[in-house]
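Notes follow the structure.
Below, chains carry the letters A, B, ... as their sequence lines are ordered, and counting in each starts from 1. We use all heavy atoms of the structure for the numbers below, so side chains are in, but hydrogens, waters and symmetry mates are not.
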Amino acid sequence: MVVFEGERLEEAKEILGRYPEGHERSAIMPLLYLAQSVEGHISREGLKEVAGLLDLTTAEVEAVASFYSMFRLRPTGTHVVSVCTNLACMLRGARDVYEAAHEAAEMRHGQELSEDELITLHEEECLGVCDFAPVVQVNFANHDQVTPERMRELIAGLRDGSVPEPSRGGPAMSSFKSASRVLAGLEEAPA
Amino acid sequence: MSPEFERRLTRDWDDPAVIGIDGYRAKGGYEALKNALNMDAAAIIDTVKASGLRGRGGAGFPTGVKWSFVPTNTGKPTYVVVNFDESEPGTCNNRELVERDPHRLLEGTAIAALSIGCRTAFIYVRGEYLAQGEILERAIAEAYEAGFLGKGIGGSDVDLDIVLHRGAGAYICGEETALLNSLEGLRGQPRLRPPFPAVEGLYASPTVINNVETLMSVPDIVVRGPEWFREYGTEKSPGTKMFTISGKVERPGNYELPLGTPLRVLLEDVAGGVLGGRSLKAWTPGGSSTPLLTAEHIDTPLDYESVAAAGSLLGTGAVMVLDDTDCVVDAAQRMTRFYAHESCGKCTPCREGTWWAERVLGRIADGYGTAEDIPVMADMGKHIMFRAFCALADGAASVIDSSLKHFREEFEEHVRLGRCPLRLDHEAVAV
Amino acid sequence: MTSEVTLTIDGKEVTVPAGTLIIRAAEQLGIEVPRFCDHPLLKPAGACRQCYVSVEGQPKLATSCTVPVAPGMRIRTQNSDPEVADAQRANLEFLLLNHPLDCPICDRGGECPLQDQALAYGPGDSRFREAKRVFPKPVPMSPLVGLDRERCILCARCTRFCDEISGDRFLELFARGAGERVSIAAGEDFRSPFSGNTVQICPVGALTSTPYRFAARPFDLTYGDSVCPHCSAGCNMRVDVRRGEVVRHLARDEYDVNDAWLCDKGRYAYRFPDSPERITTPLIRDHGLEPASFGEVLTKIASWVDGARVGVLTGGRLMDEDYYALSKLARTVFKTNDLDHRRGSGAPTAELFAARAPMGVTYRDVERAKAILVVGLDAEQEVPILHLRLRKAAAAGARIWVLHPRRTRLHDVATHVLVRPGDDGSAMDELREELTAAGEDAIVIAGERPGVADAALAVARATGARFAYVTRRAGDRGALRAGVHPSLLPGGRSLGEAGAVESRWETPINREPGRDARGILEACAAREIDVLYLIGVDPLRDFPDAALALRALENVPVKIVQSLELGSLEPFADAFLPAAAFLEKEGHVTTWEGRGQRLRRVRDPEGMSIPDWEIFASLALACGGDLGFESLDELHEEMGELLAPLDVPPSLPAPSEPEETAEGLTLFTYPLLVDEGRLSERADELKAALGGPPFAEIHPDDAADVHVADGDGLVLKTSAGEATLPARVTERVAKGWVFVPFNQPGFQANTLLDGDFVTSVTVEAAELVDAEAGAEG
């Protein structure tokens with residue numbers, strides 16, 4: 001499929017226009033988020049098309065895309081669940097939360113995608129919510145002070161089709177794709 | 001029982017209305033910008049210099065001096081880049097500052113822009129701060145609508161745009177030059193210095209990169225003056241600062257305190273003491289990249305000089321607290337794994353050293369360490385510290401060096417017993 | 001004027017230009033600081049951290065590859081500072097942690113900077129007890145280059161070369177941390193004509209040349225210095241021979257010429273001297289072609305030549321000395337001016353200019369120029385190392401304009417003007433002001449596209465810019481200077497100035513201009529020439545009119561071929577003289593700059609083959625003449641006299657008016673770098689990596705006129721013939737032009753040409769039925 005066509009292509013052009021003339025390469029990150037929002041991860045085709053938009057080789061684009069944890073180049077679940085296990089969260093029980101997440105999602109350690117392709121579970125570094133440790137993000141929306149029990153609830157909710165409300169009033173992200181759109185600097189749902 | 005002092009950065013935290021521009025202006029917001037529009041760039045810089053404000057992102061470099069390094073006559077545009085990549089483990093004060101007072105960041109950024117003739121400023125926000133990025137987008141839109149951004153800001157003939165740019169999950173992009181590379185659309189690896197960003201930064205143009213908290217300190221300085229700013233803090237570390245305290249404490253959180261407040265006050269008076277009444281074993285002054293200190297150092301004043309004298313660094317003021325039930329080897333291993341994961345890979349000691357250290361520490365933590373492993377770890381720390389391309393490796397080396405320095409016996413016990421002496425069962429978490 | 005800095009390293013004082021890096025200053029004292037990522041031609045990276053030194057007064061060690069010297073610096077290397085030695089040891093320990101114990105099977109073994117430096121500066125033992133990182137290997141980056149990820153130390157020399165030098169950014173670093181790896185994007189091969197340089201500068205065996213994989217050990221090799229025979233760049237090269245067979249070409253450092261680079265053709269097309277088709281015995285036709293002795297063959301040839309009308313054609317494959325001897329042979333023994341090394345119509349004024357001036361514009365001049373106009377040349381394809389130099393100039397701030405009907409790979413660093421047919425003159429006129437403004441720092445480089453070089457020279461003379469005429473083949477400049485030309489004598493003398501030559505040669509010279517290549521072939525076809533002597537050239541493949549070449553060969557009574565092989569001339573040759581290959585000869589070759597470079601014998605000539613100039617001398621004797629030199633020294637002495645520089649006449653003939661461009665399209669062609677040229681024989685990996693099928697490039701507007709879409713069959717009709725080729729519809733080519741590469745597999749463009757490398761053409765869409773009929777010729 002062509003990733004950047006129609007509306008998406010218009011949006012891509014808008015993104016290119018955010019940066020000073022002659023420095024459009026800066027747009028590579030939001031363009032990668034936009035590609036990710038279309039396909040649920042960044043495919044070969046997505047990389048190629050971003051390269052075409054920026055007059056770069058595909059290698060130059062993949063070099064950037066593969067550098068960052070939030071760009072996913074392999075098939076990804078509808079929802080990305082990130083569990084922080086860095087020190088402050090670890091001290092408040094994050095490891096147990098991480099284990100509970102695997103049990104609830106029925107996934108092995110190292111398995112990137114649940115059987116039903118609903119969930120990608122990964123261990124994260126400090127997410128900057130140390131004051132409410134241990135912290136979990138669902139599609140980059142924060143859930144504070146998550147206990148193993150709450151973790152099981154969250155996963156069960158996702159499997160039930162309901163995205164849980166984040167803590168402290170943040171916006172809920174209905175999927176990894178829609179979070180990626182927001183991260184591209186666009187409205188959550190495509191126009 | 002928190003210490004008494006005038007709140008500055010957190011002054012309006014109990015007023016959610018300031019998140020919107022009307023509420024912000026009702027509390028005096030954007031007055032500083034209006035003042036600054038009537039000042040010379042040089043006067044703005046002198047004011048900030050006189051205040052002694054030091055960069056709050058960890059390096060502690062005097063902000064006004066940094067701004068004064070920027071040449072404005074090169075014919076190239078100048079840039080202000082806001083470093084909102086906050087990723088130092090244990091640090092989250094920028095997050096809350098922006099959640100509660102986003103316009104203050106925009107105002108501080110605008111004043112910085114005026115001081116160096118910048119017409120386009122960038123805010124680099126870490127990708128994981130999705131919600132905070134949204135808050136800033138709304139605030140930016142409001143500021144444009146109110147005429148504080150865009151063409152002819154505040155009725156002047158100065159144009160200023162702010163572009164929000166989101167990161168995508170890389171701690172190294174908090175390093176100034178790596179951030180610039182990332183913003184330019186390259187891999188987020190740091191650059192050689194010289195040339196310094198002040199002269200050749202974003203798009204090879206003179207650039208100032210400042211931390212969120214630093215910029216949010218600026219509007220008050222412009223309105224209230226440098227002397228007012230210096231009312232709190234120490235001679236060399238003036239002002240108040242945000243501290244994050246987390247880990248084994250009753251009330252983790254982001255708290256503003258005068259620089260020079262001893263840890264004991266932050267820990268016991270503000271954060272309610274060690275969780276469950278247990279005893280303090282180890283703590284970081286400024287996130288995992290700063291050498292560990294112990295209970296012995298509980299009275300250390302939290303300012304740049306005093307913490308350095310105690311053998312560590314104030315950094316971002318991110319205090320993480322370990323108690324007597326926590327295994328330092330385990331903690332050191334997890335922190336080392338962080339550095340290995342975040343290493344950009346460019347240079348040998350960081351890329352290979354953190355990878356090796358993670359594994360050796362893992363064996364020791366799991367009870368498979370040997371006597372040779374400890375001197376090897378010590379040697380590793382020695383040859384990573386100050387030997388790498390950038391300070392990320394120094395953070396990793398600090399973990400190794402300081403944990404060995406203060407807790408060598410605990411390492412040796414792991415080796416001797418073939419298990420953790422605290423009888424913790426460490427599950428080898430997936431690498 | 002750069003200022004100088006004096007400093008002390010290991011107690012020894014050295015003075016160097018300001019801005020010199022510490023590591024370079026140390027080298028000047030003969031002190032080698034170990035390093036991996038540092039390379040003198042790449043920007044400092046500071047990545048490997050191996051090159052640490054201590055600087056007095058600084059608490060931290062410094063990387064000597066990133067820090068320039070300061071006056072009075074006192075530096076200590078591993079030789080005098082134990083802390084530095086320890087730091088270097090530790091760094092090597094880090095590097096070796098994950099390095100596989102591949103030395104026994106690694107191509108780099110024995111010539112490996114990691115081995116050498118680990119032995120000198122590293123730990124003797126490993127303290128590593130964990131499991132090393134392992135990856136599938138080798139992973140092909142292209143048919144030429146393979147990657148062993150396990151061996152890679154991530155010095156990034158390869159990716160930096162691609163970014164800074166060649167601009168072919170197909171090799172990149174992916175991921176980060178310990179997972180960082182050099183890679184290509186899947187489906188996007190490392191398709192760059194400079195890819196082999198990354199193998200040579202890789203300090204370990206991570207990047208390897210597929211043709212050389214497991215082929216030899218350094219101690220198996222004999223080798224010698226040589227100069228690449230593939231084009232006029234004159235790249236300095238080392239030829240490696242194993243058991244008598246060439247197994248590798250490596251670049252030699254020569255910063256005045258090729259920096260430290262070779263293009264992939266020079267590097268990987270090394271098999272032709274060992275081709276099974278090579279013939280190393282003289283042959284004479286008697287029913288079939290039978291082996292004979294030199295004596296027999298030369299005697300026979302002498303009998304044919306006696307009193308006969310002789311035409312001499314050669315190409316660009318010989319040495320300066322060969323051409324000189326040939327020039328003398330033709331004029332003093334065959335008594336003819338019918339000799340030519342060129343193929344097209346040439347450029348009379350530019351040739352005169354190039355033949356008389358010794359070294360004109362040099363590579364260094366290009367590097368330092370402020371304004372460069374390139375016209376009629378696709379440097380990346382024709383003289384690749386010049387292309388790299390142009391990129392270097394652009395990186396240093398030079399403004400470059402390229403006038404070409406086709407966008408070249410300089411397009412990201414230069415202003416490209418896609419000239420329409422006939423528009424070169426006016427395009428050049430528009431640039432006069434800019435060139436004049438740059439004065440002596442402006443250079444005009446003209447290639448061989450018909451009709452442009454002379455006009456470009458005129459522009460150069462009018463604006464004060466310096467001028468370089470760049471012809472593509474290795475021997476072209478030598479041939480020109482030696483007078484292998486119908487109207488130029490040695491030294492670029494016109495026939496009117498024959499006096500000096502006559503007195504040295506002690507023979508009168510015919511003052512009538514001879515026939516050029518086309519004229520010779522026409523005369524052959526009309527039987528107005530009796531003997532055609534072909535040296536290192538095959539008109540059927542090389543001459544821009546295949547039909548004429550065929551008529552010539554079919555009609556001229558006697559054909560003598562002197563070369564490494566017969567190829568398509570086999571049915572025609574009446575005699576064959578086996579020539580030595582370039583690596584078997586002593587002599588000189590001259591670059592496009594006019595720089596003579598020494599060619600050295602790396603191995604003895606195969607079989608009975610001997611250097612061309614010796615064959616010419618023997619033939620002269622057999623014909624009852626005498627070229628007058630029995631040794632290379634004697635030849636040189638004579639050459640030295642006659643090839644001394646001559647002034648360029650102040651008023652040169654005005655360039656001929658470009659022909660009125662006919663209505664319709666113009667076909668133009670030139671050989672791409674990797675094609676079916678003779679010297680690329682059996683360079684299979686090279687062709688797999690960089691070759692390709694034939695095609696016809698046409699502008700979208702012109703394609704739309706005939707309803708042709710990209711990939712459709714395009715029928716091309718010229719006065720010489722007709723062919724159907726797949727259309728490449730692209731804005732890369734200018735309107736009005738159709739580009740067809742000269743010699744791709746399965747199609748020779750000279751079947752469409754009638755004497756030069758451009759011709760009028762009409763196009764139409766191929767009938768679907770005919771589209772599979774393929775190309776003619």
With chain A, the option among B/A331, B/P77, B/P89, B/S288 that has the most non-hydrogen atom pairs under 4.5 Å is B/P89
Whatever's closer than 4.5 Å to a heavy atom in chain A on B/V125 counts as neither
Whatever's closer than 4.5 Å to a heavy atom in chain B on A/A179 counts as both
If only atom types and distance count, is the side chain of B/R334 paired as donor or acceptor with the main-chain N or O of A/L87 below 3.5 Å?
no
dist B/L130:CG -> A/S180:OG (nearest 0.5 Å) comes out at 9.0 Å
Rounded to the nearest 0.5 angstrom, the CG-NE2 distance for B/L183 and A/H23 is 10.5 Å
*asked:* I'd like to know whether B/R187 forms a side-chain contact (heavy atoms from CB on, under 4.5 Å) with A/Y68, so could you lay out the CA-CA distance, the side-chain angles of the two residues, the decisive distance to 0.1 Å, and finally the verdict.
replied: CA-CA 9 Å; B/R187 289 161 58 79; A/Y68 298 97; 6.0 Å; no
Query raised in the report: Is B/R337 salt-bridged to A/E123, cutoff N-O under 4.0 Å?
Result: yes
Practice prompt. Show the numbers, then the answer: is there a side-chain contact (heavy atoms from CB on, under 4.5 Å) between A/Q137 and B/E128?
Written response: CA-CA 9 Å; A/Q137 283 193 330; B/E128 298 90 340; 4.0 Å; yes
Are there over 12 heavy-atom neighbours, none belonging to A/D55, within less than 6.0 Å of that residue's CG?
no
Bottom line for B/E96: the part with an atom under 4.5 Å from chain A's heavy atoms is side chain
By ring pair (Phe, Tyr, Trp, His ring centres under 6.0 Å), A/F132 pairs with (sequence neighbours left out) none
Side-chain donor-acceptor pair under 3.5 Å between A/Y19 and B/T120, yes or no?
no
The reported gap from CG in A/D131 to OH in B/Y255 (rounded to nearest 0.5 angstrom) is 8.5 Å
Ranked by heavy-atom pairs below 4.5 Å to chain A, first place among B/A168, B/S246, B/G167 goes to B/A168
Evaluation steps, side-chain contact (heavy atoms from CB on, under 4.5 Å), between A/E125 and B/E342 = CA-CA 9 Å; A/E125 301 297 346; B/E342 298 295 339; 3.4 Å; yes
Residues pairing under ring-ring contact (aromatic ring centres under 6.0 Å, His included) where one sits in residues 317-338 of chain B, two or more places apart or in two chains, turn out to be B/Y171-B/F338
The interface call for A/E124 against chain B, heavy-atom contacts under 4.5 Å, is both
Those residues of residues 138-151 of chain A that come under 4.5 Å of chain B on a heavy-atom basis, listed by number, are A/N139, A/F140, A/N142
Here the gap from B/I245 atom CD1 to A/C130 atom SG, rounded to the nearest 0.5 Å, amounts to 12.0 Å
Heavy atoms of A/S69 and B/H341 approach each other most closely as OG-CE1, 4.4 Å
Okay, B/I135 and chain A: the region with an atom under 4.5 Å from a heavy atom over there is neither
* To do: Give the intermediate values and the outcome of side-chain contact (heavy atoms from CB on, under 4.5 Å) for residues B/S182 and A/F67.
  => CA-CA 10 Å; B/S182 177; A/F67 184 81; over 6 Å; no
Honestly, the part of B/T91 sitting under 4.5 Å from a heavy atom of chain A is backbone
What one should report as the nearest heavy-atom pair of B/P252 and A/R92 is CG-NH1, 3.8 Å
Most heavy-atom pairs under 4.5 Å with chain A, out of B/E88, B/Q132, B/K248, B/E86, belong to B/K248
Counting only heavy atoms from other residues, nucleotides and ligands, does the tally under 6.0 Å from CD of A/E187 exceed 12?
no
Looking only at A/L56, A/L54, A/V61, A/V129, most heavy-atom pairs under 4.5 Å shared with chain B are made by A/V129
CE (A/M29) and CZ (B/R166) are apart, to the nearest 0.5 Å, by 11.0 Å
Okay, A/I28 and chain B: the region with an atom under 4.5 Å from a heavy atom over there is side chain
Ranked by heavy-atom pairs below 4.5 Å to chain A, first place among B/G253, B/G247, B/G287, B/A318 goes to B/G247
Distance col, row B/S87:OG vs A/L127:CG, nearest 0.5 angstrom, shows 9.5 Å
- Is the shortest distance from a Lys or Arg side-chain nitrogen in B/D161 or A/R18 to a carboxylate oxygen in the other one below 4.0 Å? no
For B/K281, does the NZ atom sit with more than 12 other heavy atoms under 6.0 Å from it, leaving out its own atoms?
yes
Most heavy-atom pairs under 4.5 Å with chain A, out of B/L322, B/N93, B/L186, belong to B/L186
Bottom line for A/A133: the part with an atom under 4.5 Å from chain B's heavy atoms is neither
Most contact-rich option vs chain A, by heavy-atom pairs under 4.5 angstrom, among B/G133, B/C173, B/G188, B/G345, is B/G188
Against chain B, residues from residues 30-45 of chain A with at least one heavy atom under 4.5 Å, in numeric order, are A/P30, A/Y33
